[in-house]
Amino acid sequence: GEPHASAAYFTAAHRAAAESGDGDVRGWLLANEAVIAHAEGRFGGACDLLIEAVELTRARSNLRRRAWVLALHARSLAADTRRSPSRRSVLSLLDTSHEVLINVADPPGGADFFDHGRLEGVRGSALLNLGAADDAEVALDAALRHRAAGDIKGRALLQLDLARCRVLQ
């Protein structure tokens, strides 16, 4: 809601990440910045940030974070019509995210909250952006079943995507 405040935050955060020399922190920061770019409809910008975040998190981050960044990249790529993504390239990123996530032993916590249910939600959103409403509906239904009843915002966002599926069907 406050683009100038957000930009100032990210400028300061990037400076701190550079000073720390921690690639994991920088990858996490870029992914969060990409979430905002995606929400603002700047899908190409989100993809650019996530390409770098994928590289930074590949060797430096825990598996849950790597899976999250890969899934975010798939979602933004699917929405970026300028890049004309193939369904295959988007699904490849989602499949890689899944393969990474199945090797996670620790429970979600703190900033590393990504899980299989959230991956299904991202998969549904990406498929919806590719125009595959039937496949998106299956993934979104699975994601909704995994969301806690108290996760009002998460459930509402999934239901909005499900409504988009039904309009497209």
Side-chain angles (χ1 to χ4, degrees), residues 27-28 30-58 61-169:
W28 178 82
L30 289 167
N32 278 284
E33 193 171 5
V35 167
I36 292 172
H38 184 94
E40 292 175 346
R42 295 183 291 115
F43 306 121
C47 282
D48 293 340
L49 293 165
L50 289 162
I51 288 168
E52 187 175 354
V54 165
E55 289 306 313
L56 287 167
T57 59
R58 182 174 314 222
S61 297
N62 66 56
L63 294 176
R64 191 176 299 281
R65 186 168 297 169
R66 280 189 60 213
W68 176 62
V69 171
L70 286 161
L72 291 178
H73 186 205
R75 181 185 69 166
S76 289
L77 182 61
D80 186 9
T81 56
R82 292 179 307 134
R83 294 178 199 252
S84 301
S86 69
R87 180 181 168 120
R88 180 181 217 165
S89 64
V90 171
L91 291 178
S92 177
L93 284 167
L94 291 167
D95 289 345
T96 303
S97 176
H98 174 76
E99 290 167 12
V100 170
L101 197 55
I102 61 174
N103 291 304
V104 173
D106 298 330
D112 294 313
F113 53 84
F114 196 66
D115 60 16
H116 293 283
R118 289 177 190 273
L119 175 57
E120 286 306 304
V122 173
R123 180 182 302 278
S125 178
L127 288 167
L128 187 55
N129 283 323
L130 292 173
D134 292 339
D135 293 335
E137 183 178 20
V138 171
L140 292 165
D141 279 337
L144 196 55
R145 284 192 306 275
H146 285 90
R147 281 295 168 100
D151 184 359
I152 305 299
K153 177 186 169 194
R155 294 180 67 79
L157 291 171
L158 290 168
Q159 290 169 339
L160 284 171
D161 278 349
L162 279 167
R164 277 184 56 209
C165 286
R166 293 183 181 122
V167 166
L168 292 174
Q169 293 168 329

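These numbers were taken from a predicted model, which means no experiment stands behind them. Quick note: residue numbers are just sequence positions, from 1.
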Between OG1 on residue T57 and CG on residue L50, distance to nearest 0.5 Å
9.0 Å
Do you know the tightest heavy-atom contact between A31 and A53?
N-CB, 4.2 Å
Between L119 and S97, which heavy-atom pair has the shortest distance, and what is it?
CD1-OG, 3.6 Å
Any carboxylate oxygen within less than 4.0 angstrom of a Lys/Arg side-chain nitrogen, looking at D115 and R147?
no
Kindly give the heavy-atom pair with the smallest separation between A132 and R87, and that separation in Å.
CB-NH1, 3.2 Å
CZ of R166: more than 12 outside heavy atoms within 6.0 angstrom?
yes
Restricting to non-hydrogen atoms, name the atom on A136 and the atom on L128 that form the minimum distance, rounded to 0.1 Å.
CB-N, 3.6 Å
Side chain to side chain contact (heavy atoms under 4.5 Å, CB included) between F114 and R65: does it pass, once the steps are laid out?
CA-CA 7 Å; F114 196 66; R65 186 168 297 169; over 6 Å; no
d(L93 CG, H98 NE2) to nearest 0.5 Å is 14.5 Å
Under the side chain to side chain contact (heavy atoms under 4.5 Å, CB included) criterion, do R118 and H146 qualify, and how do the steps go?
CA-CA 8 Å; R118 289 177 190 273; H146 285 90; over 6 Å; no
Would you compute the distance between atom OG of S125 and atom NE2 of H38 and round it to the nearest 0.5 angstrom?
5.5 Å
Could you tell me the separation between the CD atom of E52 and the CD atom of E33, rounded to the nearest 0.5 Å?
10.0 Å
Gap separating the CG atom of D106 from the CG atom of N62, nearest 0.5 angstrom
8.0 Å
Assess whether side chain to side chain contact (heavy atoms under 4.5 Å, CB included) is satisfied between H116 and L101, documenting all intermediate values.
CA-CA 7 Å; H116 293 283; L101 197 55; 3.7 Å; yes
Which atoms form the tightest heavy-atom contact between R82 and G45, and what is the distance?
NH2-N, 4.4 Å
Any chance you could lay out the side-chain hydrogen bond (donor to acceptor under 3.5 Å, both in side chains) test for S86 and S89, step after step, and finish with the verdict?
CA-CA 5 Å; S86 69; S89 64; 3.2 Å; yes
Kindly say whether R88 contributes a backbone atom to a donor-acceptor pair with the side chain of S92 at under 3.5 angstrom?
no
Would you say that W68 contacts V35 through its side chain, given a criterion of any heavy-atom pair below 4.5 Å between the two side chains?
yes
Quick one: closest heavy-atom pair of A46 and S76, and the distance?
CB-OG, 3.4 Å
Only one of L70, L77, V122 clears side-chain contact (heavy atoms from CB on, under 4.5 Å) with L94; which?
V122
Audit row: D95, R123, side chain to side chain contact (heavy atoms under 4.5 Å, CB included) steps and yes/no
CA-CA 9 Å; D95 289 345; R123 180 182 302 278; 3.8 Å; yes
Measuring from atom CG of L56 to atom CG of L30, what distance do you get when rounded to the nearest 0.5 angstrom?
6.5 Å
Please examine the side chains of R155 and L144, heavy atoms only from C-beta on, and report whether any two atoms are closer than 4.5 Å.
yes
